[in-house]
Amino acid sequence: MSSTLKAVRGTRDLLPPETALWNRIEATARAVFARYNFGEIRTPIFEDTGLFARGVGEETDIVSKEMYTWEDGERFDKDLLISKWNLANHERFGAAIGEFVHKTASTPDVMQYEGNDGNWELVVFGARPSAELLNILGSAVSADRALISKSGSAKQVTGRLVVPSPTPGALIETTNDGILIEPFFGNFNRSSQSLTLRPENTAGVVRAYIEHKLGETGQLQKLYYIGSQFRRERPQKGRYRQFSQIGAEVIGPPSAGSESPLRDAEVLEMLATLLDELGITGWTLEINSVGSSADRARYNEILRAALAPVASQMCGDCQRRAVTNPLRVLDCKVPEDQPIIDALPKIVDSLDEESKKHFAAVLAALDAAGVPYTRNHRLVRGLDYYTRTTFEFTHGGLGAQNALLGGGRYDGLSEAIGGPKAPGIGFAMGEDRLVLTLLAIESAQPEKMDAYIAPLGDAKDEAALTRINAAALALARELRRSGLSVELGDGSFRLKKSFETADKVARRIVILGEDELQSGILTVKDFASGTQTKVPRTELASFLSKTSC
Ligand code: ATP
Ligand code: MG
């Protein structure tokens with residue numbers, strides 16, 4: 001018995017009515033982004049692995065253990081095989097080595113060598129001894145032999161297919177047609193490209209910004225994306241291996257104002273508005289500044305010194321981080337370590353004047369706009385090019401996975417992946433977690449249709465049934481085209497079944513039997529009020545457009 005195939009661990013199907021909630025979230029996000037002058041960017045779902053190694057950081061959890069990475073097809077390097085074989089055989093052929101003297105349209109890959117003895121050897125190089133290559137070679141050999149015998153020459157023509165061999169000393173075989181198959185020792189595979197399913201979208205956006213020279217417009221780029229991301233994590237509620245993020249980036253040359261604290265505050269204010277419009281109540285904005293890269297380096301040393309005497313009392317991870325990357329100790333979730341971490345020096349005390357001013361300006365703008373926030377001294381990003389403002393929006397309803405979204409400034413990111421100076425700020429919001437939060441507030445109810453059309457046929461009279469079903473489709477088309485949402489029943493259903501089905505999916509039922517077809521007067525029943533109304537077909541659409549009867 002074959003086993004049943006299921007969605008892969010950590011991935012899931014999204015079904016109606018929940019998908020309606022996803023659509024509403026996305027539509028709201030798009031509408032809000034548009035009001036703030038953001039345009040949509042769609043980047044590929046996979047990228048060169050190097051982008052994430054550099055753009056997210058090799059020592060992050062994401063890159064070090066969560067990425068889906070593969071080698072994209074090892075490619076057979078034919079040129080390398082040809083040149084190595086030529087070198088090994090040059091004594092036999094002298095000057096003619098490696099020349100395509102027999103390249104024609106029909107035999108494009110056949111190379112003709114003339115030996116020191118004057119005989120010809122037709123050689124084809126391939127990844128493996130395929131029938132196709134043997135055929136090509138076979139016909140080239142026959143053609144040359146015919147040519148030679150016509151000219152009366154005594155030259156011999158042989159055919160040889162050279163293929164790579166992983167082991168030395170493999171023997172040459174001869175096919176029935178007298179063609180030699182020579183396994184030639186060596187590795188002739190060109191190393192392929194390492195590709196990765198995107199674990200996040202900021203690196204892709206910044207790559208696109210650089211690739212399309214968006215900085216040269218001199219304008220601030222305000223870009224948003226909605227799409228799947230992939231991380232090999234331990235699946236649990238709110239944490240999946242394929243999940244969706246809604247994110248945005250504001251990036252541009254410094255002359256476009258990309259470093260301004262106003263940009264940080266505007267992004268945060270936009271997020272507060274978006275969450276409010278989505279109907280997510282009770283969120284908390286946590287905010288911090290990690291300063292410039294010099295500030296962070298200074299703070300890292302202060303932390304290292306402060307951790308030296310206490311690290312031995314901490315968890316294994318912290319003991320390691322205390323030496324390698326002290327900043328990441330602040331991410332520790334082990335309960336026993338918390339009092340020690342809370343007593344460590346705070347990064348805010350290591351900020352230089354510029355960074356302090358920047359952060360104060362962000363907070364002042366948030367105060368002016370009336371966006372509430374909480375300072376969280378421990379909110380840091382583990383990467384060097386994350387600078388200044390860092391933030392998270394959390395929600396109590398999410399339990400352990402309480403972060404709805406995270407973001408911050410990344411003034412050094414573009415340069416880290418080989419681009420021009422392009423300071424920026426952005427965020428990524430977990431759409432799955434938005435849905436979970438909203439489902440806890442309201443359950444996903446399918447939207448009721450405006451009407452259910454119930455054709456009434458006679459199951460025994462096939463011609464009549466066909467006629468009434470066809471008429472029902474025509475009526476449904478008319479109503480749907482006038483903008484109404486309509487579900488269509490089937491003439492073979494008994495009246496009771498039609499009513500039961502209709503009551504589940506629609507607000508009203510429209511009965512269409514032979515009588516109604518003849519008279520052009522239809523019966524409409526409204527389920528909420530229980531009223532039954534006779535409506536002329538010509539007035540049906542406008543009647544149904546009214547919210548209630
Ligand atoms: P967490 O601490 O929850 O692992 P993170 O720091 O890895 O989050 P980011 O890389 O900042 O997350 O991604 C931004 C947002 O994307 C998170 O706040 C969260 O809402 C969402 N997110 C991240 N990983 C997942 C996942 N595996 N499944 C669902 N949502 C996720
Ligand atoms: Mg994570």
Side-chain angles (χ1 to χ4, degrees), residues 7-14 18 21-22 25-26 29 51-52 55-68 196-206 224-249 267-268 271 274-275 278 280 283-288 290 317 325 327-334 376 378-383 385-386 389-410 413 424-440:
V8 173
R9 188 170 134 83
T11 71
R12 61 213 180 108
D13 302 305
L14 304 174
E18 198 184 297
L21 189 53
W22 286 75
I25 289 172
E26 289 169 18
L51 173 67
F52 303 115
V56 179
E58 310 241 29
E59 1 90 74
T60 58
D61 282 356
I62 293 181
V63 174
S64 65
K65 45 188 194 219
E66 296 175 357
M67 296 205 304
Y68 287 96
T196 293
L197 288 183
R198 62 185 186 197
E200 58 92 58
N201 219 151
T202 302
V205 170
V206 178
Y224 79 87
Y225 58 84
I226 298 178
S228 288
Q229 316 295 332
F230 306 84
R231 297 183 194 176
R232 188 185 276 111
E233 315 199 53
R234 194 167 68 79
Q236 50 197 296
K237 191 172 180 211
R239 195 177 290 290
Y240 311 99
R241 291 182 165 183
Q242 175 174 352
F243 60 100
S244 178
Q245 284 185 337
I246 301 177
E249 318 290 346
V267 163
L268 290 165
L271 280 166
L274 175 55
L275 292 178
L278 285 172
I280 294 186
W283 49 261
T284 305
L285 161 57
E286 298 185 18
I287 189 169
N288 194 21
V290 295
D317 276 346
N325 192 356
L327 212 59
R328 293 203 53 203
V329 166
L330 303 185
D331 286 338
C332 174
K333 303 259 158 51
V334 175
N376 177 350
R378 288 176 51 176
L379 196 66
V380 291
R381 295 254 164 183
L383 302 174
Y385 44 74
Y386 278 104
T389 316
T390 54
F391 57 86
E392 251 177 40
F393 280 73
T394 56
H395 195 276
L398 282 168
Q401 271 59 253
N402 72 346
L404 280 175
L405 67 94
R409 220 171 225 293
Y410 45 80
L413 178 53
I425 178 158
F427 63 86
M429 184 150 57
E431 198 177 357
D432 305 68
R433 294 190 194 171
L434 286 179
V435 170
L436 281 174
T437 310
L438 285 173
L439 282 177

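Counting convention: from 1, in listed order, for ligands and their atoms alike. Just so we're clear, the structure is a prediction, and the values are computed from it rather than from any experiment.
Interface atoms of ligand 1 facing G430, defined by a heavy-atom separation under 4.0 Å, are 15 (C), 16 (O), 20 (O), 21 (C). Set against the non-hydrogen atoms of A403, the atoms of ligand 1 under 4.0 Å away are 18 (O), 19 (C), 20 (O). Under a 4.0 Å criterion applied to the non-hydrogen atoms of E233, ligand 1 contributes the atoms 24 (N), 25 (C), 26 (C), 27 (N). Close contacts of ligand 1 with L405, meaning ligand atoms under 4.0 Å from a residue heavy atom, involve 18 (O).
Ion pair E233/R239 flagged as a salt bridge, since at least one NZ, NE, NH1 or NH2 atom sits closer than 4.0 Å to an Asp/Glu carboxylate oxygen. Between D432 and K237 there is no salt bridge, since no side-chain nitrogen of the basic residue lies less than 4.0 Å from a carboxylate oxygen of the acidic one.
Across the listed options G238, P235, G406, G238 owns the non-hydrogen atom lying nearest to atom 29 (C) of ligand 1. When the heavy-atom distances from atom 12 (O) of ligand 1 to E200, K237, R231 are ranked, the shortest goes to R231. Nearest-residue assignment for atom 26 (C) of ligand 1 (options F393, F243, F427, F230; heavy-atom criterion): F243. Looking at K333, R239, E431, it is R239 that brings a heavy atom closest to atom 1 (P) of ligand 1.
Counting heavy atoms under 4.0 Å from ligand 1, residue D61 does not touch it at all. Counting heavy atoms closer than 4.0 Å to ligand 1, residue Q229 contributes nothing at all.
In the model, E249 has no side-chain atom that pairs as donor or acceptor with a side-chain atom of Y224 under 3.5 Å. A donor atom on one side chain and an acceptor atom on the other are not found under 3.5 Å apart for T11 and Q242. Side chains of W22 and E18: a donor on one and an acceptor on the other come within 3.5 Å.
Y68 approaches R231 most closely through the heavy-atom pair CE1-C, 3.7 Å.
Residues satisfying the salt bridge (Lys or Arg N to Asp or Glu O under 4.0 Å) test with K333, not counting sequence neighbours, are none.
Looking only at distances, no side-chain donor or acceptor of T390 sits under 3.5 Å from a matching main-chain atom of G408.
Polar contact check, R433 against ligand 1: a nitrogen or oxygen pair lies under 3.5 Å apart.
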